[in-house]
Amino acid sequence: QVQVVESGGGLVQAGGSLTLSCTASGLTFDDYIMGWFRQAPGKEREGVSCISWSGRNTYYADSVKGRFTISRDNRKNTVYLQMNSLKPEDTAMYYCAAALALTTDWGTPPASDDFHYWGQGTQVTVSS
């Protein structure tokens, strides 16, 4: 069975950094586009970042561009989200997900329905 597991969340002060990790099993990892989504209380789920099979294509939400970096290690079946200069508005549950293909262009937000498998989420809380 497919399992997607996130880790690395926690409490951090504004301006600090965290790195999230996501490890997938039960699938051919390098067949999949990997993405990070987040959902804050009272807000809709939003796509934060995505990375293609090879890592040559990436997407970043405007709100995190320049602060977050997505990467993947296909040998370890793991995708990472390095988060720097964190802001209180980054506080959310962060979810890792896998998609075989995107219906959106790389320059536009990813569609949740494109992602077949989802992790349980890891909480990121940024204090002011």
**Item:** Flag, side chain of S52 to backbone of N57, donor-acceptor distance under 3.5 Å
**Value:** yes
**Message:** According to disulfide bond (SG atoms under 2.5 Å apart), who are the partners of C96, at least two apart in sequence or on a separate chain?
**Reply:** C22
**Item:** Separation of T122 OG1 from M93 CE (nearest 0.5 Å)
**Value:** 7.5 Å
**Shortest non-hydrogen contact from Q123 toward T91** = NE2-CG2, 4.0 Å
**Complete:** A111 and T103 have their tightest heavy-atom pair at CB-OG1, 4.2 Å
**Request:** Please confirm whether the backbone N or O of T19 pairs with a side-chain atom of Q82, one donor and one acceptor, at under 3.5 Å?
**Result:** no
**Message:** I'd like to know whether V64 forms a side chain to side chain contact (heavy atoms under 4.5 Å, CB included) with R38, so could you lay out the CA-CA distance, the side-chain angles of the two residues, the decisive distance to 0.1 Å, and finally the verdict.
**Reply:** CA-CA 12 Å; V64 308; R38 68 185 182 186; 3.9 Å; yes
**Message:** Under the rule for side-chain contact (heavy atoms from CB on, under 4.5 Å), what residues qualify as partners of S85, not counting sequence neighbours?
**Reply:** R67
**Request:** Look up atom OG1 in T69 and atom CG in L81, then write down how far apart they are to the nearest 0.5 Å.
**Result:** 8.0 Å
**Prompt:** Would you say F68 and N84 make side-chain contact, with heavy atoms under 4.5 Å?
**Reply:** no
**Hydrophobic cluster (4.5 angstrom, side-chain heavy atoms) - remaining members for V5** = none
**Taking every non-hydrogen atom, the tightest pair across M34 and A98** = SD-CB, 3.6 Å
**Message:** Assess the residue pair L20 and E6 against the criterion (side chain to side chain contact (heavy atoms under 4.5 Å, CB included)); give the C-alpha distance rounded to whole Å, side-chain angles, the decisive distance to 0.1 Å, and a yes or no.
**Reply:** CA-CA 7 Å; L20 306 183; E6 307 97 330; over 6 Å; no
**Request:** Could you pull out all residues at least two apart from F115 that satisfy ring-ring contact (aromatic ring centres under 6.0 Å, His included)?
**Result:** F37
**Prompt:** Is the closest side-chain heavy-atom distance between V12 and T125 below 4.5 Å?
**Reply:** no
**Asked** To the nearest 0.5 Å, how far apart are OG in S49 and OH in Y80?
**Response** 15.0 Å
**Prompt:** Are the side chain of Y60 and the backbone of I70 linked by a donor-acceptor contact shorter than 3.5 Å?
**Reply:** yes
**Worked verdict on E44 versus Q39 for side chain to side chain donor-acceptor pair (under 3.5 Å)** = CA-CA 6 Å; E44 295 183 352; Q39 188 165 24; over 6 Å; no
**Request:** Please check if the side chain of N77 supplies one atom and the backbone of S25 the other of a donor-acceptor pair under 3.5 Å.
**Result:** no
**Cation over ring face, R45 and W118, 6.0 Å, 45°** = yes
**Under 3.5 Å: donor-acceptor pair, side chain of S54, backbone of R56** = yes
**Asked** Does the pair K87/D90 count as a salt bridge with the N-to-O cut at 4.0 Å?
**Response** no
**Request:** Please check if Y95 and V2 belong to a single hydrophobic cluster, counting links between Ile, Leu, Val, Met, Phe, Trp and Tyr side chain heavy atoms closer than 4.5 Å.
**Result:** no
**Interatomic spacing from CG in L18 to CG in L86 - rounded to 0.5 Å** = 5.5 Å
**Request:** Group every Ile, Leu, Val, Met, Phe, Trp and Tyr by side-chain heavy-atom contacts under 4.5 Å, then state whether I51 and L100 land in the same group.
**Result:** yes
**Asked** For D73, which residues count as a side chain to side chain donor-acceptor pair (under 3.5 Å) partner, sequence neighbours excluded?
**Response** R75
**Item:** Point-to-point distance, once rounded to the nearest 0.5 Å, from CD1 of I33 to OG1 of T58
**Value:** 12.0 Å
**Fill in**
Applying side-chain contact (heavy atoms from CB on, under 4.5 Å) to T23 and not counting sequence neighbours gives T78
**Request:** Search all heavy atoms of G47 against all heavy atoms of P110 and return the closest pair with its distance.
**Result:** CA-CG, 3.9 Å
**Item:** Side-chain heavy-atom pair Y59, T108 within 4.5 angstrom cut-off
**Value:** no
**Asked** Is F29 linked to W36 within one hydrophobic cluster, defined over Ile, Leu, Val, Met, Phe, Trp and Tyr using a side-chain heavy-atom separation of less than 4.5 Å?
**Response** yes
**Asked** Just by modelled atom types, is the S128 backbone N or O under 3.5 Å from a matching donor or acceptor in the Q13 side chain?
**Response** no
**Message:** Just so I know, are the side chains of M83 and V124 near enough to count as touching, which here means a heavy-atom distance under 4.5 Å?
**Reply:** yes
**Message:** Please tell me whether V48 and Y117 are part of a single hydrophobic cluster in this structure, the criterion being side-chain heavy atoms less than 4.5 Å apart.
**Reply:** yes
